[in-house]
Amino acid sequence: MTQRLPLADLHAQYLSIKPEIDEAIAAVIRDSSFIRGPWVDRFEGEFAALAQAPHCVSCANGTDALYIAMRALGVRPGDEVITSAHSWIATSETITQAGGTVVFADTDPATHTIDPAHVAALITPRTVGIIPVHLYGQMADMAALGALAAAHRLWMVEDCAQAHLAAFDGRPVGSFGTIAAYSFYPGKNLGAMGDAGAVTTADPALARTMAMFARHGGLKKHDHEIEGVNSRLDGLQAAILCAKLPHLPRWTERRRELAGRYHRLLAGIPGLTLPTEAAGRRHVWHLYVVQHPRRDALAAHLAGLGIQTTINYPVALPFVPAYRRLGHAPTHFPVAHAQQSRILSLPLFPEMTAAQQDLVAGAIRSFPG
Ligand SMILES: *Cc1c(COP(=O)(O)O)cnc(C)c1O
């Protein structure tokens, strides 16, 4: 039995809506609307509507979205920005690129999201903002973080790269922060066929600044009000995203259904810790991440049965070489440090069949433990 099961099957998604994608690509080529143009405007409008955000500004990728947000917020040298020890490096490296100082906070063991109590302990007179990461598709504790941000007059940039259409107490993801940053990297819950990203905000002045900054500092050609960068969503990606966007609610429901099915299939296996959905949070299951004390042996066992897994992420950010200069020890981030050797991401994608999921569950059950 050497069936191959990938972590996510992007080709299956393409095949499921092939005529719509092919027509979108052909339309952009027909009009030569490769940069800006009607598809980019349309995507910004449609994504804003779906995300229930007043303004959406598209950009080249999710990393740029975070950077553009912080430049628009005016981060200056010496400004401290607190973010999660457990994320992709884009979240923290953009703080440095914007001129700020990265301050890592540990995570909550149940949700892998930033621990508000640790954030509170890290706030200094130099703290300007917080970047909660809605990791794996589940939102951080926005009630507690919102209270801290209000009390200390801090901005919040929500890293929504993994959490399109998530919610907290019925409020949509991205509506808590000053700005929300999205990625449409191919493997994300809404993925382009290349790089793509966006920011959303309720603040029209910030929206205008971010739109200018992403386009060489001007909304009209040769009208450079400020210095900016070149961070554009291209027409092909915008058209592809427009074709995929109407399917996102259904794909998200399917992810939730599959996660529920995993919960049932994997319940009660000794040593295996299953992910949880915290009360009041609508998890969109970008990743289904289990924990096991013998994680590497479990991953090897699954690989031997043709099942692909991955680790998101193998080393918590404070301990990657890029942050050696901060001199962190495991005791500074006990939760993130303990989990980096236990976490394992299982295959989960909207097109996954029940039979494929049964295969994964059976393979895990056959692990000698
Ligand atoms: C993917 C991701 C990003 C960066 O997005 P890109 O589009 O790859 O630049 C940022 N933060 C998190 C949490 C991500 O998962």
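Just so you know, ligand 1 is whichever comes first in the structure, and atom 1 is the first atom listed for that ligand.
A salt bridge is absent between Arg250 and Glu257: the closest approach of a Lys/Arg side-chain nitrogen to an acidic carboxylate oxygen does not fall below 4.0 angstrom. Between Asp358 and Arg261, at least one side-chain nitrogen of the basic residue sits less than 4.0 Å from a carboxylate oxygen of the acidic one, meeting the salt-bridge criterion. Salt-bridge formation is detected for the pair Arg30/Glu23: a Lys NZ or Arg NE/NH1/NH2 atom is positioned less than 4.0 Å from an Asp or Glu carboxylate oxygen. Classification of Arg281 and Glu277 as a salt-bridged pair fails, no side-chain N sitting under 4.0 Å from a carboxylate O.
Annotation: atom 13 (C) of ligand 1 to nearest protein heavy atom, Asp159 OD2, 3.5 Å. The nearest protein atom to atom 15 (O) of ligand 1, hydrogens excluded, is given as Gln162 NE2, 2.8 Å; this is a heavy-atom distance.
Each of the atoms 2 (C), 3 (C), 10 (C), 11 (N), 12 (C), 14 (C), 15 (O) of ligand 1 lies under 4.0 Å from some heavy atom of Ala161. Annotation for ligand 1: atoms under 4.0 Å from non-hydrogen atoms of Thr91 are 11 (N). For ligand 1, the atoms closer than 4.0 angstrom to any heavy atom of Asn61 are 7 (O), 9 (O). Heavy-atom proximity to Ser87, at under 4.0 Å, picks out these atoms of ligand 1: 13 (C).
Within the 4.5 Å cutoff, the side chain of Gln340 has no heavy atoms near those of the Pro314 side chain.
At least one heavy atom of Lys188 sits under 4.0 Å from some atom of ligand 1. Using a 4.0 Å heavy-atom cutoff, Gly197 is absent from the residues neighbouring ligand 1.
Distances from atom 4 (C) of ligand 1 to the heavy atoms of Ile89, Thr63, Val133 show the closest one on Thr63.
Annotation: Tyr185 places no N or O atom under 3.5 Å from an N or O atom of ligand 1; distance criterion only.
For the residue pair Ser58/Glu44, the side-chain donor-acceptor check at 3.5 Å is satisfied.
Note on residues 336-363: pairs passing ring-ring contact (aromatic ring centres under 6.0 Å, His included), not counting sequence neighbours, are Phe319-His337.
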